[in-house]
Amino acid sequence: MNPMIFIREKKWYLLSAIIVVCGSMAFAALADDSFFNVVMLICILFVLGMFIPLLVEYRAKSEFYRDLLMIFENLEKKNLITEMIRRPDFTEGMILYDILQGSDKACLDEIASYREIQESYREYIELWVHEIKTPIASSKLMLQNAEKNALLVSLNDELEKIEDDVQQVLFYSRSNNVDKDYLIKELSLQNVCNEAIRKNSKALIQKKLSVTMQDLDIFVLSDAKWIVFILDQIIGNAVKYSRIVQPSLVISAQKTSNNTVLSVMDNGIGIVASELGRIFDKGFTGTNGRSGEKSTGMGLYICKKLCNKLGLGLEAESQAGQGTTIRIIFPRSSVTDVLK
């Protein structure tokens, strides 16, 4: 607390005290020396009696406001400020403390209300996804049993796209609660990559995209379901933005002393340098997403979000016209970070 601010707050108190002291001294000067000395002693005691409480008050307020500002600046959750400070013993400090405490409670109640709404909405979305899967699966089964023609094949492809979008909605709705839906265990990179390739096999065949898998005989600790989903999104992008002539996809892994890096490299149309840093942003579609294939800009955003929740790294390297490499980094501490 600035001393000058405190003095300004007490200006009328100090001014009245100065007037009293000066008036007493002027009155005493008219009397004899013995009376003047008595008045001088009384004025000195009066000044001491006035300033000592002011100094005590200033120290108490200064310490309180200094601690309040320091704790507030360093506090991650600002709405919990009253949990970290003591209730002061001066009136305006008590009023401020009570107001902050009431504001914190109202804020926490509001947060709890929105969390309940969000949880209810998430549960509805998950229920809707599970319900919509049934007619999609039934429709695909009927198409498989029907006599094949170009129209039915095209319709089946569209159903598969709908199924992929529905699956993306499900994973997005769960991305804020990965800790309630993961199962960390040792998994084979070969197995999860095979599963992701299988899910995209039809699109890979249609695009005549050759797939090479190298050095995947490595085990990591993570959740297989989420890793397959992340790989599915990455491979799906590689298919979507593949080149027309001799498209290829190389999936490989490398183990170091600190981590294991799973790389998915394609030779597709690539990403322009100015957009590379934004591909994990929510809703970012970029030049590629607007020029040809339809894109929501959500796939890589969800992947990045899931990787953060699982304690994994996700990075991209690309050159326009040359291809893109997406790397999933499994650090040794990832499981520890998740279980904290």
Side-chain angles (χ1 to χ4, degrees), residues 1-17 48-123 172-182 277-284 297-298 300-315 329 331 333-340:
M1 186 177 186
N2 192 314
M4 296 307 299
I5 295 176
F6 181 76
I7 291 173
R8 282 199 298 270
E9 288 180 355
K10 302 294 181 181
K11 61 183 177 181
W12 297 113
Y13 175 77
L14 294 172
L15 182 61
S16 63
L48 288 175
M50 179 186 69
F51 277 102
I52 289 175
L54 285 178
L55 290 173
V56 172
E57 182 183 354
Y58 171 75
R59 182 177 178 181
K61 289 184 177 181
S62 178
E63 288 180 353
F64 172 74
Y65 290 122
R66 182 194 63 211
D67 293 345
L68 178 66
L69 290 172
M70 183 177 65
I71 292 172
F72 185 76
E73 288 176 359
N74 297 325
L75 196 62
E76 184 176 349
K77 296 184 178 180
K78 307 295 186 184
N79 60 303
L80 299 178
I81 182 66
T82 53
E83 303 295 329
M84 305 299 295
I85 60 174
R86 57 177 177 81
R87 194 171 191 268
D89 53 4
F90 54 93
T91 304
E92 57 264 44
M94 293 179 185
I95 295 172
L96 175 63
Y97 180 89
D98 292 341
I99 290 173
L100 286 175
Q101 196 169 50
S103 177
D104 288 354
K105 184 179 183 305
C107 182
L108 290 173
D109 290 343
E110 191 79 3
I111 291 172
S113 174
Y114 277 106
R115 280 180 177 170
E116 185 177 350
I117 293 171
Q118 185 184 44
E119 182 64 21
S120 176
Y121 180 73
R122 186 184 67 83
E123 289 175 355
Y172 177 64
S173 70
R174 292 178 174 177
S175 62
N176 288 324
N177 299 280
V178 175
D179 54 331
K180 297 180 182 180
D181 193 40
Y182 67 78
R278 301 177 59 194
I279 63 172
F280 297 117
D281 292 350
K282 185 178 182 179
F284 180 74
M298 294 296 292
L300 288 180
Y301 166 74
I302 298 173
C303 291
K304 182 66 173 178
K305 194 173 184 180
L306 294 177
C307 282
N308 290 340
K309 292 285 186 179
L310 292 169
L312 308 179
L314 185 66
E315 59 184 34
I329 303 168
S333 61
S334 62
V335 176
T336 305
D337 294 339
V338 171
L339 295 177
K340 282 182 180 179

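Residues satisfying the ring-ring contact (aromatic ring centres under 6.0 Å, His included) criterion with F280, sequence neighbours excluded, are absent altogether. Taking E57 as the reference, K10, K61 meet the side chain to side chain donor-acceptor pair (under 3.5 Å) condition, with sequence neighbours excluded. Qualifying side chain to side chain contact (heavy atoms under 4.5 Å, CB included) partners for L55, counting only residues two or more places apart in sequence or in other chains: none. Residues passing the salt bridge (charged side-chain N to carboxylate O under 4.0 Å, His left out) test with R59 are E63, sequence neighbours excluded. Legend: residues meeting side chain to side chain contact (heavy atoms under 4.5 Å, CB included) with N308, ordered by chain and number and at least two apart, are K304.
Atom CE of M94 and atom OG1 of T91 lie 6.0 Å apart (nearest 0.5 Å). Taking CE of M298 as the start and CG of D281 as the end, the distance is 11.5 Å to the nearest 0.5 Å. Interatomic distance, L314 CG to L306 CG, rounded to the nearest 0.5 Å: 10.0 Å. The distance from the CZ atom of R115 to the OG atom of S120 is 15.5 Å, given to the nearest 0.5 Å.
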Side-chain donor-acceptor pairs under 3.5 Å in residues 98-110, sequence neighbours left out?
| unit_1 | atom_1 | unit_2 | atom_2 | d |
| --- | --- | --- | --- | --- |
| D98 | OD1 | R87 | NE | 3.3 |
| D98 | OD1 | R87 | NH2 | 3.3 |
| D98 | OD2 | R87 | NH2 | 2.9 |
| D104 | OD2 | T82 | N | 3.4 |
| D104 | OD2 | T82 | OG1 | 2.7 |
| K105 | NZ | D109 | OD2 | 3.2 |

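Across all non-hydrogen atoms, the minimal contact from G311 to P331 is O-CG, 3.4 Å. Between I279 and L300, the shortest heavy-atom contact is O-CB, 3.5 Å. The two residues G313 and C307 make their nearest non-hydrogen contact at O-SG, 4.4 Å.
Ring-centre distance between F90 and F64: below the 6.0 Å cut-off.
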Going through the distances and angles, do L96 and Y65 end up as a side chain to side chain contact (heavy atoms under 4.5 Å, CB included)? CA-CA 11 Å; L96 175 63; Y65 290 122; 3.9 Å; yes
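Counted within 6.0 Å of CZ on R86, heavy atoms from surrounding residues, nucleotides or ligands total more than 12; the atom is thus considered enclosed.
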